[in-house]
Amino acid sequence: MPRLVAALWLVCAPATAQEGPGELSAPGGGVEALPAAVGQPSMNGDAGTPADGRPEPAAAVAPDAPPEVPVPGDVPAEPPAALESLPLEEIASTGSAPTARVGGWLRLQGAVDARFDSFASEPLPENVAELRGRAGVDVDVELSPRMRLHLAPRAFYRAVTQRGGSRAKATWELLPSEAWVDVYGERVDVRLGYQVITFGANPLMSPADVLNPRDLRPWLLVSEPEDFKLPNLGARAVADVAGLQVTAAWLPFFQPHLYDVVGQDQGLHDVDLPLPQRLHPSVEDRLQPHLLTTERPLDLPLPGDLGLRATRKLGTVTVGGSWSWTVEKLPQVTLDPELSRVLADRAAGRQPSGAALLSLQQRFEDGQALWTGRHVRNHVLAAEASALWGSAQLDVDVAFSPAQTFVDDRFQPVRKAAWTAVVGVGQADPDSDLLYAVSWLGTAVPGVAADELLLVLESGTARGAPRTAWNMGVLGTVAYRALDRRLELGVRAVAELRGLGVSPRVCWKADERVTLSLAAEIYDGHSWSLFGLLGRNDQVIAGVQLSL
């Protein structure tokens with residue numbers, strides 16, 4: 001449980017995202033968080049660009065559209081899905097005949113842990129070697145000057161093994177993928193289908209960006225933003241109203257986050273659920289989405305998830321606000337009191353009572369419910385601002401949620417009001433060889449009782465008096481491109497009050513279609529901090545990306 005809560009705080013707190021007005025993710029989606037919460041499109045992350053390297057068909061940019069921000073490691077400089085954040089206006093066309101472009105990409109990455117800390121005999125040993133593959137196809141068709149079709153199917157493959165080659169397993173799946181149609185009217189532009197809808201100013205992680213679910217399974221620092229944000233079926237309309245650019249969004253059907261519970265380094269690695277028998281590796285990952293959820297929202301089209309956003313240009317500054325009413329994409333898991341005590345003992349390093357363990361096993365085998373997992377609704381109100389300052393773009397987001405789900409040290413859910421702020425600065429000069437992007441994230445939760453302790457946000461010494469729980473983190477990427485931009489040297493880092501994670505990387509563009517990369521993920525921190533929980537996941541990753 002701590003790992004997932006920890007990742008969620010940085011990836012989507014209150015549900016943070018990777019994109020913003022200068023949306024940086026590929027058409028297939030986007031990273032919370034970070035996931036990579038600090039991960040940004042790199043020279044091996046140009047998944048959304050056509051095969052010929054040219055940008056997508058240019059949509060007319062409204063005067064209040066914020067400038068596109070290049071991100072460290074982005075080669076070519078054009079972000080792979082810059083069109084996502086632009087108003088859906090008429091595409092320039094020289095004729096009425098349909099035109100189409102087709103592109104594709106394949107990314108393979110292999111990782112080996114820097115040290116093997118656990119043995120296969122442990123209840124939840126770590127994976128020490130991993131192979132991942134992602135592939136995508138992008139089809140963009142201009143049907144007419146007033147209609148555009150976009151298809152972007154995605155696939156994901158993962159194979160892992162534990163120490164000594166034990167418990168090897170592999171799965172592949174088709175991910176939720178973009179498939180939408182744009183219709184451009186005189187006053188209103190509409191997008192229908194599976195799509196990514198972005199709210200907020202920060203191009204990496206806006207707390208207002210809560211409409212789309214996230215994939216929480218990618219590596220935290222090495223993975224690309226498009227690996228995290230998932231499209232969902234819905235409708236979006238954009239119009240100019242009294243000088244405001246207004247966006248209305250409706251996602252009628254519920255889609256949760258994708259996450260692991262057990263058996264993966266990115267899952268609830270510190271919790272050994274009292275299952276009557278251990279799941280076989282061949283089915284373990286396929287059952288992950290159903291282990292915690294005992295009840296999900298009905299697939300009724302009403303009310304669905306709703307969002308409304310308005311922005312306006314005031315001189316050199318673009319300001320705006322938004323409201324979202326959504327179903328939380330992670331279940332609110334309520335544990336049986338006996339199970340809660342056992343998990344709390346294990347997390348604190350205490351040996352649980354043998355009688356309690358035997359009782360739990362017997363009750364589970366008798367079919368008694370030891371936990372419930374339900375998805376609850378949440379409002380998010382947000383304000384945003386962005387501006388150019390020389391060659392840098394500045395952005396600010398502030399969001400308030402009157403009732404957000406957190407987890408306490410008994411692994412029980414608590415609903416609290418929460419404030420989240422994000423301040424970011426990024427390179428806005430696409431011709432610069434030195435690229436950077438830095439974001440500060442702060443979360444405050446007022447009204448925490450004296451006997452409560454919020455996991456990850458607070459240290460173990462915080463309990464004892466009524467208070468406001470808070471935490472903050474800094475996420476950044478810096479990269480330098482040399483040798484005619486074929487070589488890229490960079491580092492991604494994320495730090496909070498009690499730990500940090502660092503990912504150095506080097507990328508080499510062998511030719512226009514092949515990019516090689518070598519990176520590492522290194523974590524360190526107190527045992528109950530985000531990076532202390534990830535401490536066993538230090539690894540070295542080599543990769544190759546092919547543009548088809």
Side-chain angles (χ1 to χ4, degrees), residues 5-20 22 24 31-42 69-73 200-209 219-225 228 384-386 389 392-399 418-428 434-445 454 456-459 468-480 490-505 519-526 528-535 537-538:
V5 175
L8 188 62
W9 177 74
L10 285 173
V11 177
C12 45
T16 56
Q18 277 72 45
E19 301 87 4
L24 300 177
V31 145
E32 199 326 56
L34 293 173
V38 296
Q40 304 169 26
S42 73
V69 182
V71 182
N202 190 280
L204 292 178
M205 38 182 296
S206 169
D209 199 1
W219 293 313
L220 182 61
L221 293 176
V222 172
S223 299
E224 304 301 331
F228 292 92
E384 62 182 83
S386 62
W389 183 34
Q393 176 170 321
L394 307 177
D395 51 70
V396 178
D397 289 277
V398 178
W419 290 89
T420 303
V422 175
V423 180
V425 57
Q427 175 66 265
L434 178 63
L435 302 175
Y436 62 89
V438 180
S439 295
W440 173 89
L441 165 69
T443 299
V445 183
L454 302 186
V456 179
L457 282 181
E458 300 186 285
S459 66
T468 295
W470 63 281
N471 204 337
M472 62 181 179
V474 178
L475 313 114
T477 299
V478 61
Y480 183 75
V491 62
R492 296 174 176 174
V494 54
E496 51 113 10
L497 295 177
R498 293 171 292 144
L500 79 161
V502 178
S503 176
R505 63 166 50 193
E521 285 190 337
I522 305 167
Y523 302 101
D524 190 28
H526 294 289
W528 277 95
S529 70
L530 167 62
F531 305 106
L533 296 170
L534 295 173
N537 293 347
D538 293 353

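The first residue in the sequence is number 1, and the count goes up from there.
- Side-chain contact, Asn537 with Glu521: no donor N or O sits under 3.5 Å from an acceptor N or O.
- Proximity of a side-chain donor or acceptor of Asp397 to a complementary backbone N or O of Ala201 within less than 3.5 Å is detected.
- Rounding to the nearest 0.5 Å places CG of Asp209 at 10.0 Å from CD of Glu384.
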Inset, instruction - Start with the C-alpha gap between Asp524 and Ile522, add the side-chain angles, then the distance that decides, and say whether side chain to side chain contact (heavy atoms under 4.5 Å, CB included) holds. - result: CA-CA 7 Å; Asp524 190 28; Ile522 305 167; over 6 Å; no

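- A distance-only check finds a donor-acceptor pair linking the side chain of Arg498 to the backbone of Val456 [under 3.5 Å].
- Summarising the geometry, atom CG belonging to Leu497 is positioned 11.5 Å from atom CD belonging to Glu458; distances are rounded to the nearest 0.5 Å.
- Taking each heavy atom of Ser206 and Gly200 in turn, the nearest pair found is OG-CA, 3.2 Å.
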Inset, instruction - Decide yes or no on side chain to side chain contact (heavy atoms under 4.5 Å, CB included) for Val425 and Trp389, but give the supporting numbers first. - result: CA-CA 9 Å; Val425 57; Trp389 183 34; over 6 Å; no

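- Met472 CE to Thr443 OG1: the interatomic distance, rounded to the nearest 0.5 Å, is 11.5 Å.
- For Ser439, the side chain to side chain donor-acceptor pair (under 3.5 Å) partners at least two apart in sequence or on another chain are Asn202.
- Side chain of Gln427 to backbone of Leu434: a donor-acceptor contact under 3.5 angstrom is found.
- Here the closest heavy-atom approach between residue Leu221 and residue Arg505 is recorded as O-NH2, 4.2 Å.
- Listed here is the closest heavy atom pair of Ala444 and Thr468: CB-CG2, 4.2 Å.
- Closest heavy-atom contact between Ala520 and Val222: O-CG2, 4.3 Å.
- Taken to the nearest 0.5 Å, the CG atom of Leu457 stands 11.0 Å off from the CH2 atom of Trp470.
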